[in-house]
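Counting from 1, the numbers follow the sequence of the chain as shown. Computed from a predicted model, the values in this text were never measured in an experiment.
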Amino acid sequence: MSIESMYTAVSSLQAHQQYLSVVANNLANVDTIGFKDSRVLFSDAISQTLQQPTASSGLNPGGNGSQIGLGVGLSSITPLFTQGSLMSTGVPTDLAISGKGFFVVKDPTVAPASTYYTRAGALNLQNSSVAGIQGYLVTPTGQRVQGAVITAPATAAANGAALADVTIPTTAGGPPALNVTDYNIDSSGRVNLLLSDGSNVPWMQIGLQNFQNPEALLKVGQNLYQASLASGALFTGGGTDVFQTPGTSGTGNLRSGYLEQSNVDLGTEFSNMIQAERGLQASARVITTSDEVMQELINLKH
């Protein structure tokens, strides 16, 4: 019987090692902008049935049966999309999402461009060699932020519009076209251009995406998520993402000049780390005890 307890303890060692790895990753990303921590859920493994439950009949009182559990495993490692605190930066291209939702970004280095999602809004303007475009609004790792064009006389993009790279042009307005001297992003995600005559022109609007099951998104590094078959994007048209105005239909509101910090709670993670460590110690002790029992059995003399 000691060999069974040893294998049961080994399964616990493996599960708690994975638990500790998750905790370590959460703590490592305590200062990562837009990071969402993960939690671990355990589930018991199969059980060995020693006696089947029996119903009472006549003088037989019946019984509940007997089973011995044969170990533990991880049932899930799930990201928690609770709101992180907002940090004021004063940088006009820094955007934080207050509430649900994700920025839609595309990687221009592959064709067709791969679509990703992120909560990290530390954006900047990447210079462009394309005529008429000053630059693209991008993430720190170069993914281009997606939005929709505002067609005059409208002052906002239309929900359901096709997404495109958010750009800053060299000229706008007119006729004749005027030079773009500056730009800003407001709390609705609207990119407003300041022209050389002092006027403001709404140019494009940054869109957000949300999911039926965001816990099913896949982390791919660089603060990015990728959709899965189980995540269920809410705003699509023809099978692709479409524009959705921030602050509508369950998407969060944007805060310009802010960044969302990691939602990792240090107190909780240190508590989880101690719990994982104690689980490892207890499992190791069971293995040692099982080995001692087995050694005693081997040494028995008749």
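Side-chain atoms of Leu20 and Glu277, non-hydrogen and from C-beta on, never get closer than 4.5 Å to each other. Two residues are said to be in side-chain contact when any heavy atoms from C-beta on lie closer than 4.5 Å; Ile287 and Val10 meet this criterion. Looking at heavy atoms from C-beta onward, Leu125 lies out of side-chain contact with Thr93 at the 4.5 angstrom threshold. Residues Asn223 and Arg119 fail the side-chain proximity criterion, which asks for heavy atoms closer than 4.5 Å. The side-chain heavy atoms of Gln205 and Thr245, taken from C-beta on, include a pair separated by under 4.5 Å. Side-chain contact between Leu208 and Phe103 is present, with heavy atoms from C-beta onward closer than 4.5 Å. In this structure the side chain of Val145 reaches within 4.5 angstrom of the side chain of Val105, judged on heavy atoms. Under the 4.5 Å side-chain criterion, counting only non-hydrogen atoms from C-beta, Val22 is in contact with Ser38.
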| task | For the pair Phe243 and Val104, evaluate side chain to side chain contact (heavy atoms under 4.5 Å, CB included) and give the outcome as yes or no after the intermediate values. | result | CA-CA 9 Å; Phe243 175 80; Val104 184; over 6 Å; no
| task | Evaluate the side chain to side chain contact (heavy atoms under 4.5 Å, CB included) criterion for residues Ile185 and Leu95: first the C-alpha distance (whole Å), next the side-chain angles of each, then the deciding distance (0.1 Å), finally the verdict. | result | CA-CA 9 Å; Ile185 305 171; Leu95 297 176; 3.9 Å; yes
| query | Does the side chain to side chain contact (heavy atoms under 4.5 Å, CB included) test come out yes or no for Ile97 and Leu254, once each step is laid out? | reply | CA-CA 5 Å; Ile97 301 174; Leu254 292 184; 3.8 Å; yes
| Under the side chain to side chain contact (heavy atoms under 4.5 Å, CB included) criterion, do Asn124 and Val91 qualify, and how do the steps go? | CA-CA 10 Å; Asn124 58 79; Val91 179; over 6 Å; no
| message | What verdict does the side chain to side chain donor-acceptor pair (under 3.5 Å) test give for Gln281 and Arg278, after you've listed the backbone C-alpha separation in whole Å, the side-chain angles of each residue and the deciding distance to 0.1 Å? | response | CA-CA 5 Å; Gln281 290 174 337; Arg278 293 295 179 264; 3.2 Å; yes
| said: Set out, in order, the CA-CA distance, both residues' side-chain angles and the distance that settles side chain to side chain donor-acceptor pair (under 3.5 Å) for Asn210 and Thr251, then state yes or no. | reply: CA-CA 6 Å; Asn210 203 1; Thr251 60; over 6 Å; no
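Taking the centre of each ring, Tyr225 and Phe211 stay at or above the 6.0 Å mark.
Judged by distance alone, the side chain of Ser283 and the main-chain N or O of Gly279 form a donor-acceptor pair under 3.5 Å. The backbone N or O of Ile33 lies less than 3.5 Å from no partner atom in the side chain of Ser262, so there is not a single donor-acceptor pair. Checking side-chain atoms of Ser21 against main-chain N and O of Gln17 turns up a donor-acceptor pair under 3.5 Å. Thr78 contributes no side-chain N or O that, together with a main-chain N or O of Glu215, makes up a donor-acceptor pair within less than 3.5 Å. A distance-only check finds no donor-acceptor pair linking the side chain of Thr268 to the backbone of Val264 [under 3.5 Å].
Remark: Asn200 CG to Leu195 CG distance equals 7.5 Å, nearest 0.5 Å. Expressed to the nearest 0.5 Å, how far OG of Ser11 lies from CZ of Phe42 amounts to 10.5 Å. Between Trp203 atom CH2 and Asn192 atom CG the span is 12.5 Å, to the nearest 0.5 Å. Atoms CE and CG, on Met273 and Asn26 in that order, are 11.5 Å from each other to the nearest 0.5 Å. For the atom pair Ile206 CD1 and Arg190 CZ, the distance stands at 12.0 Å (nearest 0.5 Å). Note: Asn272 CG to Arg39 CZ = 11.0 Å, rounded to the nearest 0.5 Å.
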For residues 162-180, which side-chain N or O atoms pair as donor and acceptor with protein atoms under 3.5 Å away, sequence neighbours left out?
{"unit_1": "Asp165", "atom_1": "OD1", "unit_2": "Gln146", "atom_2": "NE2", "d": "2.7"}
{"unit_1": "Asp165", "atom_1": "OD2", "unit_2": "Arg144", "atom_2": "NH1", "d": "3.2"}

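Closest heavy-atom contact between Ala233 and Gln209: CB-NE2, 3.8 Å. In terms of heavy atoms, Gln126 sits closest to Val138 at CB-CG2, 3.7 Å. Taking each heavy atom of Pro92 and Ser256 in turn, the nearest pair found is O-OG, 3.5 Å.
Note: the hydrophobic cluster containing Leu217 does not contain Tyr116 (ILVMFWY, side chain heavy atoms under 4.5 Å, direct or indirect links). The hydrophobic clustering, which links ILVMFWY residues whose side-chain heavy atoms are closer than 4.5 Å, places Leu13 and Tyr19 together. Residues Leu123 and Met87 do not share a hydrophobic cluster, defined by chaining ILVMFWY side chains whose heavy atoms lie under 4.5 Å apart. Criterion: ILVMFWY side-chain heavy atoms under 4.5 Å apart, direct or through other members. Under it, Tyr136 and Val191 are not part of a common hydrophobic cluster. Linking ILVMFWY residues whenever their side-chain heavy atoms come closer than 4.5 Å, directly or via other members, leaves Ile274 and Leu266 in distinct clusters.
Ring planes of Phe102 and Tyr117: perpendicular class, angle over 60° (limits at 30 and 60°).
Salt bridge present: Lys36 and Glu260 bring a charged side-chain N and a carboxylate O closer than 4.0 Å.
For OH of Tyr258, the number of neighbouring non-hydrogen atoms (other residues, nucleotides, ligands) closer than 6.0 Å is 12 at most. By the 6.0 Å contact criterion, CG on Asn213 is enclosed, its count of non-hydrogen atoms from other residues, nucleotides or ligands being greater than 12.
Scored by the salt bridge (Lys or Arg N to Asp or Glu O under 4.0 Å) test, Arg255 finds no partners at all (sequence neighbours excluded).
For residues 66-75, no pair satisfies salt bridge (Lys or Arg N to Asp or Glu O under 4.0 Å), with sequence neighbours left out.
With hydrogens and angles left out, the side-chain atoms of Thr82 and Asn263 include a donor and acceptor closer than 3.5 Å. Looking only at atom types and distance, the side chain of Asn253 has no donor-acceptor partner in the side chain of Ser98 under 3.5 Å away.
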